[in-house]
Amino acid sequence: FNISSSAARDAHKVTEIPTVTRPRLLDAYRSGVWWRIFLPRLVPYLEEGYYKYCKNGQPFRIWLSGFQDYAYILPEKYLERIKNAPPTEVSFTAVVNTVSLHSSDRPAKHGPDKQQYFYVGLPTGEINNLIVQVVSKLMNSNLATIKPIVHGATAKALDRSIGRPPHWKKINAFELALKTAQGPGARILYGETLSNNAGFVAGVSRYVANILAYAFTLRFISFGPLKNTILYLIHWRHRRSLPAVVTPLNDEIAERKRRQASGLADDEKPFDCVQWAMDQDVPEEDKKGEDIARRLVAVAAGSIETLASVLVKLLVQLAAHPECHAEIRGEIVQCLGEENDGWTVKATGRMRRLESFIQEALRVTAGVMAMTGLRVVTADNFRLDRDIVLPRNALLAFPTRSILHDAEIFPEPETFDAFRFYKIAKAKEENASGDLRSTHRDLRAGWLQFGYGRQSCPGRFYAINVMKTILGEIILRYEIRLAGGAAPPAAVDIDIDPLLPPIRSFDLELRARS
Ligand code: HEM
């Protein structure tokens with residue numbers, strides 16, 4: 001939308017919100033990377049706006065290439081404003097739909113013609129609510145039962161990918177992250193049979209990875225009047241590869257429906273998302289086999305793909321910081337010893353040093369994006385406070401990475417301190433004073449990388465539990481280091497507006513502990 005063209009928006013005062021620019025040539029010069037002429041970095045300019053405006057309680061706007069739109073970057077004081085805001089006011093789902101160009105929520109910008117040619121098979125719009133339900137209601141409420149299954153699938157994935165090598169064995173960090181995220185992810189989503197079908201699991205990963213990559217990168221390119229035709233052709237591959245994953249799922253659902261029709265007690269039903277989606281309390285016409293299959297393929301974007309993208313960064317940090325291994329390992333042994341049932345949610349919850357390591361690694365890398373709390377205004381307007389009202393379709397976000405690197409909140413932010421969050425939690429317990437109520441304290445205790453409030457990531461409980469299980473099991477079984485004993489890397493991800501995808505070239509070395 002063109003802010004300056006609308007007198008009504010002047011009334012909203014958004015034209016007074018300052019803009020931080022991302023100069024292409026200058027950025028290519030500063031970064032020393034020629035292709036930054038086409039895609040200037042985002043992080044340094046978010047940082048500039050954060051210190052210039054957000055630290056003074058003011059928003060700013062910045063161009064996001066991945067969305068082909070300006071975003072309003074808000075200071076942390078407005079986190080409270082979005083905390084309980086419903087999707088009818090501001091919506092994260094609408095952000096996803098904007099990128100995949102299933103844009104029923106933003107009709108003014110993206111007409112139906114674009115929907116037609118960008119159609120790549122992922123269900124969106126109201127169906128997306130069903131996806132969120134699968135994760136937030138079904139996956140989360142079953143977490144305690146899921147947990148031992150996650151551990152079993154993790155152990156199996158580690159046996160297959162690494163085994164018990166007596167000498168250092170080299171493995172690519174991304175490959176290990178993907179295999180270990182796929183193990184529990186595929187088992188919980190698709191059940192025992194399909195999760196053992198390597199071709200199907202690889203197909204799902206490939207499909208969602210391609211969709212995410214293409215959805216963002218194609219937005220950078222202007223195809224002019226031939227746009228629809230070119231995009232239709234580009235997406236041919238995706239449309240063709242979708243049946244390869246949807247058909248086996250569809251067959252599995254049909255087979256289960258047949259078995260159920262011939263009488264199946266509740267405790268005989270399989271324990272996985274396929275079954276929960278089949279039993280989901282929604283009208284029959286919303287849970288036809290193919291609808292469920294598409295929904296569950298979409299969940300893999302979070303539960304396998306996003307998880308693997310974050311896990312690889314954690315694995316590299318774990319390998320780069322051997323100084324914390326013994327303490328984390330000692331705590332895991334103790335927690336598992338206290339709980340006779342092994343890797344339960346309760347035992348995992350007690351592993352606070354391991355959790356602190358994960359929080360610190362996520363602080364340094366900021367998870368998947370430099371901003372979270374992304375929302376599109378879906379109401380006519382969204383009042384931030386007495387002075388500022390954002391109009392319908394405005395994109396807003398919070399500068400998470402900058403907050404996580406702010407020395408006033410996290411002293412010596414560039415130093416990797418595995419037990420930083422453990423110490424913060426301890427201090428909080430020992431000193432339950434008024435200081436605790438300050439916003440900074442809340443931010444330090446939270447997981448901003450997963451977003452904020454009612455529309456934050458519904459998969460975060462699963463994600464944290466799985467990451468703890470995978471890293472914990474690795475550290476119990478193996479010694480781990482960067483290949484060749486390399487020094488900790490300066491960066492583990494790359495600034496591709498708006499994402500921070502992992503650098504995939506790191507190799508790790510692991511050997512079995514005696
Ligand atoms: C470390 C891994 C993960 C990270 C860092 C992450 C991060 C996020 C973030 C930042 C959001 C947007 C919320 C906001 O900005 O306020 C989000 C949304 C979402 N995530 Fe995750 N996520 C992760 C793993 C997962 C997993 C494992 C699942 C599924 C099991 C999942 C499912 C979803 C879904 C369905 C949404 C959309 C929610 C909506 O439309 O309201 N995520 N995630």
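Start at 1 and go down the list; that is how both ligands and their atoms are numbered. Count residues from 1 along the sequence. Quick caveat: nothing in here was measured; it's all calculated off a predicted structure.
- Residue-ligand proximity, Gln449 to ligand 1, at heavy-atom distances under 4.0 Å covers atoms 5 (C), 7 (C), 10 (C).
- For Phe398 and Tyr78, the ring centers are positioned 6.0 Å apart or more.
- Under the 4.5 Å side-chain criterion, counting only non-hydrogen atoms from C-beta, Ile403 is in contact with Glu76.
- Taking every non-hydrogen atom of Tyr462 and a distance limit under 4.0 Å, the qualifying atoms of ligand 1 come out as 27 (C).
- Classification of Arg352 and Glu355 as a salt-bridged pair fails, no side-chain N sitting under 4.0 Å from a carboxylate O.
- Listed by number with element, the atoms of ligand 1 under 4.0 Å from a non-hydrogen atom of Gly451 are 10 (C), 14 (C), 15 (O), 16 (O).
- Short contacts between ligand 1 and Thr372, defined as distances under 4.0 Å to a heavy atom of the residue, involve ligand atoms 10 (C), 15 (O).
- Asp272 and Arg256 are joined by a salt bridge, as a carboxylate oxygen and a charged side-chain nitrogen come within less than 4.0 angstrom of each other.
- For the ligand labelled ligand 1, residue Cys457 lies inside the 4.0 Å heavy-atom shell.
- Shown in contact with Val310 at under 4.0 Å from a heavy atom are these atoms of ligand 1, numbered in order with element: 1 (C).
- Backbone and side-chain nitrogen or oxygen atoms of Thr93 are examined, and one is located within less than 3.5 angstrom of a nitrogen or oxygen of ligand 1.
- Listed by atom number, the atoms of ligand 1 under 4.0 Å from Arg375 heavy atoms are 14 (C), 15 (O), 16 (O).
- Counting heavy atoms closer than 4.0 Å to ligand 1, residue Phe450 contributes atoms from both its backbone and its side chain.
- The side chain to side chain contact (heavy atoms under 4.5 Å, CB included) with Leu176 is formed by just one residue from the set Asp507, Leu510, Ile480, Ile470; it is Leu510.
- Annotation for ligand 1: atoms under 4.0 Å from non-hydrogen atoms of Tyr452 are 16 (O).
- Taking 4.0 Å as the cut-off, Arg460 does not count as a neighbour of ligand 1 on heavy-atom distance.
- With a heavy-atom cut-off of 4.0 Å, Met139 touches ligand 1 through its side chain alone.
- For Phe416 and Phe357, the gap between ring centers is short of 6.0 Å.
- Under 4.0 Å is where a charged nitrogen must lie from a carboxylate oxygen, and between Glu408 and Lys55 at least one such pair does.
- Taking 4.0 Å as the cut-off between side-chain N and carboxylate O, Asp159 and Arg477 count as a salt-bridged pair.
- Using a cut-off of 4.0 Å between Lys/Arg side-chain N and Asp/Glu carboxylate O, Lys269 and Asp279 are scored as salt-bridged.
- Less than 4.0 angstrom separates some heavy atom of Gln455 from each of these atoms of ligand 1: 13 (C), 16 (O).
- When Pro458, Ala94, Gly367, Ser303 are checked for heavy-atom proximity to atom 27 (C) of ligand 1, Ser303 turns out nearest.
- Considering backbone and side-chain atoms together, Gly373 places an N or O closer than 3.5 Å to an N or O of ligand 1.
- With ring centers used as reference points, Phe410 lies under 6.0 Å from Phe421.
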